[in-house]
> 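Take a look at the following structure, please.
Letters go in sequence order (proteins before strands), and every chain restarts at 1. Because only heavy atoms are used, hydrogens play no part in the values below, and waters and symmetry mates are left out as well, while side chains stay in.
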Amino acid sequence: MDIALLIEKVILISVVLGISLVTAMYTTLAERKIAGFLQDRYGPNRAGPFGILQPLADGVKLFTKEEIIPREANRFLFVLGPSLAMLMACVGTAVIPWGEELEIGGRTVSLQIADVNIGILYIFGVVALGVYGIMIGGWASNNKYSLLSAIRAASQNISYEISLGLSLIALLMVTGTLSLGEIVEQQRGFNWNIWYQPLGFILFLTCSFAETNRNPFDLVECETELVGGYHTEYSSMKLGFFLFAEYINIFVASAVMSTLYFGGYNFPGMDALAQAGVSQNWITLIGVGAMFVKVLLFIFFFIWVRWTVPRFRYDQLMKLGWNIMIPLAIANIVITGVVIWLTGN
Amino acid sequence: MLLQSSASSYLPILIQGIMALAFVGITMVITHLVGPKRRTIDKLTPFESGISSVGNARSPFSIKYFLVAILFVLFDVEVIFMYPWAVNFRELGGKGMIEMFVFMGMLLLGFFYVIRKGALDWEK
């Protein structure tokens with residue numbers, strides 16, 4: 001790997017990390033604003049016009065709060081928990097293709113940090129590691145609520161990981177590759193995977209709600225039963241990391257869903273634009289814009305569901321995960337297999 | 001497979017990991033230095049809804065969680081088996097598909113056994 005490519009990658013990584021952090025920050029504001037709208041009230045509107053400085057104010061506040069480590073907590077694991085949650089949220093974006101190639105001064109710059117041929121497995125691995133942060137943090141706190149919440153989190157995440165994996169298998173049968181770059185290229189124009197995998201998409205969407213611990217699957221921090229859940233004992237930026245990691249995970253999950261099922265940076269009419277003589281750089285930029293519109297729509301959907309649907313009970317959650325999602329996912333694989341085999345392509 | 005990945009194509013992932021680690025580490029140190037430190041006994045006691053805490057938090061909990069973990073290990077390994085098959089689905093053709101359906105049938109038999117045994121019945 002030569003030095004120019006290395007610099008290019010470092011810049012791209014900084015931009016992607018920056019965008020994911022800023023998006024997560026403003027998702028917190030969007031959540032409160034949309035909650036306000038849905039409940040017929042204002043939401044935050046004091047810090048700056050329309051409250052746009054609210055996330056910054058929250059960040060400063062979290063930084064300047066006292067850091068409390070309870071007496072009976074395991075100090076090392078207590079710090080490791082939120083760090084791991086944040087770290088795993090930050091590295092998930094590495095294999096997502098954000099756009100086609102850009103031509104800058106004769107150099108072709110790929111807008112994907114790493115196009116590895118096991119892209120989906122990498123994301124799967126990062127998602128699986130994410131639960132360790134919650135588990136370690138909850139156990140290390142030595143608080144009854146935290147421990148119960150951590151066990152619930154682990155149990156919930158591993159249950160939905162099976163259906164997540166199974167719903168992806170049907171998609172892989174259609175695409176025939178694990179590389180996210182190739183999966184997006186196959187969906188050029190309007191040839192999106194959602195048209196071939198509608199049931200698979202619904203299963204994947206449900207599982208991503210469960211994996212990000214969002215309502216209606218937020219039993220992990222179910223306030224009426226568990227106070228604050230796994231972060232009951234946390235304060236200052238350690239608490240901030242747990243909350244923030246959840247929003248970055250929503251961003252990553254939205255990006256993965258856009259990439260796998262909604263064509264990523266592809267948009268209808270991109271070939272017509274190329275024929276009309278629009279330069280490739282402009283098409284790439286419009287593609288990046290299309291990708292972000294899709295991601296933001298998914299984030300809006302996450303928020304919308306949170307303020308619309310009530311929370312499940314724990315046994316209902318497990319019943320949905322095991323008794324309904326897994327058989328449906330296997331049926332989806334069988335249907336996909338038979339259809340591909342009969343149509344012979 | 002069309003796309004071949006060498007070790008160098010994983011280097012950007014490593015760089016991103018290091019940068020994320022640096023961000024997390026620096027933030028942790030700053031928040032440790034910036035915040036005030038006024039420790040009292042009550043503040044450092046585990047929170048239990050305002051009443052004084054009773055006993056150790058690390059007490060035994062429902063065996064069901066352990067059962068779920070064991071079943072996860074079993075089923076997730078099966079799911080991983082299916083990945084190479086799914087990627088090469090078109091090359092393997094009808095024979096490969098029927099072989100995999102037999103495998104999935106056996107997996108489902110085990111699955112229904114678990115359900116009928118009530119291993120995931122949270123009410124009992």
Side-chain angles (χ1 to χ4, degrees), chain A residues 1 9-10 13-14 17 63-68 70-72 79 83 86-87 90-91 94 113-118 121 141-144 147-148 151 155 158-159 161-162 165-166 169 172-173 176-179 181-182 227 232-233 236-238 314-315 318 322-323 326 330 333-334 337 340-341, chain B residues 1-5 8-13 15-17 19-21 23-25 27-28 30-32 34-39 43-49 56-59 61 65 68-69 72 75-76 79-80 82-83 86-90 93-94 97 100-101 104 108 111 115 120 122-123:
Chain A
M1 190 177 261
K9 288 293 180 198
V10 169
I13 291 168
S14 315
L17 273 181
F63 261 118
T64 52
K65 286 287 172 186
E66 180 173 4
E67 186 190 40
I68 298 170
R71 219 165 356 109
E72 287 160 48
V79 179
S83 311
M86 190 66 182
L87 187 66
C90 284
V91 296
I113 293 171
D115 189 10
V116 291
N117 57 5
I118 53 146
L121 280 183
S141 300
N142 208 342
N143 177 311
K144 292 174 185 114
L147 183 70
L148 283 176
I151 298 162
S155 201
I158 62 179
S159 298
E161 222 162 88
I162 300 173
L166 285 171
I169 282 171
L172 296 178
M173 288 157 72
T177 173
L178 286 164
S179 151
E182 280 177 23
V227 193
T232 303
E233 291 293 341
S236 79
M237 207 56 198
K238 291 212 279 301
Y314 199 74
D315 61 315
M318 292 311 250
W322 286 89
N323 297 11
I326 292 179
I330 289 179
I333 294 174
V334 172
I340 293 177
W341 185 58
Chain B
M1 291 305 310
L2 300 167
L3 182 79
Q4 294 295 321
S5 287
S8 72
S9 40
Y10 291 89
L11 191 62
I13 294 181
I15 299 172
Q16 179 160 6
M19 285 170 73
L21 192 66
F23 167 71
V24 169
T27 313
M28 278 297 185
I30 291 176
T31 187
H32 181 71
V34 167
K37 283 169 194 66
R38 284 183 288 273
R39 299 211 173 86
K43 220 185 252 178
L44 299 182
T45 311
F47 177 77
E48 247 177 69
S49 302
N56 196 318
R58 287 164 195 159
S59 50
F61 51 84
Y65 291 106
V68 169
F72 163 74
F75 283 99
D76 211 41
V79 171
I80 293 298
M82 290 184 199
Y83 271 87
V87 172
N88 297 306
F89 179 72
R90 290 202 170 87
M97 185 174 80
M100 198 41 144
F101 283 178
M104 270 165 26
L108 274 176
F111 179 71
I115 299 283
L120 297 163
W122 288 77
E123 301 282 289

> Roughly how far, to the nearest 0.5 Å, is the OG atom of A:S236 from the CE atom of B:M28?
7.5 Å

> For chain B, find which of A:I158, A:D315, A:N143 contributes the most heavy-atom pairs closer than 4.5 angstrom.
A:I158

> So, do A:I162 and A:W322 sit near enough that their side-chain heavy atoms are less than 4.5 Å apart?
yes

> So which residue, A:K144, A:M86, A:K238, ends up with the most heavy-atom pairs under 4.5 Å with chain B?
A:K144

> Heavy-atom distance under 4.5 Å to chain A: side chain of B:F72, backbone, both or neither?
both

> Is there a side-chain contact between A:S155 and A:Y314, using heavy atoms and a 4.5 Å cut-off?
yes

> Do you know which of B:I115, B:V34, B:V24 has the most heavy-atom pairs with chain A at a distance under 4.5 angstrom?
B:V24

> If only side-chain N and O atoms count, and only distance matters, is there a donor-acceptor pair under 3.5 Å linking A:E233 with A:S141?
no

> Supply the atom-to-atom distance A:F63 CZ to A:M237 CE, rounded to the nearest 0.5 angstrom.
4.5 Å

> Is A:L148 in contact with chain B via its backbone, its side chain, both, or neither, using a 4.5 Å heavy-atom distance?
neither

> Measure distances from A:E67 to the heavy atoms of chain B and classify the residue's part below 4.5 Å as side chain, backbone, both or neither.
both

> Which region of A:L147, side chain (C-beta onward) or backbone (N, CA, C, O), has a non-hydrogen atom less than 4.5 Å from a non-hydrogen atom of chain B, or is it both or neither?
side chain

> Flag the one option from A:V10, A:T64, A:T232, A:L166 with the top tally of heavy-atom pairs under 4.5 Å to chain B.
A:T64

> Considering only heavy atoms from C-beta outward, does the side chain of A:N117 approach that of A:T177 to under 4.5 Å?
no

> Only pairs of heavy atoms separated by less than 4.5 Å count here; which of B:K37, B:M100, B:R38 has the most with chain A?
B:R38

> Please tell me whether A:D115 and A:S179 have a donor and an acceptor in their side chains that are separated by less than 3.5 angstrom.
yes

> Without swapping roles, check the side chain of B:T31 against the backbone of B:T27 for a donor-acceptor pair under 3.5 Å.
no

> As an exercise: rank A:C90, A:S83, A:P70, A:S159 by heavy-atom pairs under 4.5 Å with chain B and give me the winner.
A:S83

> Out of B:I80, B:D76, B:V79, return the one with the most heavy atom pairs under 4.5 angstrom to chain A.
B:V79

> For the interface with chain B, which of A:I113, A:N142, A:L87 has the highest count of heavy-atom pairs at distances below 4.5 Å?
A:N142

> Please identify, among A:V91, A:V79, A:N323, the residue contributing the most non-hydrogen atom pairs under 4.5 Å to chain B.
A:V91

> For A:E161, which residues count as a salt bridge (Lys or Arg N to Asp or Glu O under 4.0 Å) partner, sequence neighbours excluded?
none

> Is it the side chain or the backbone of A:L17 that comes within 4.5 Å of chain B heavy atoms, both, or neither?
side chain

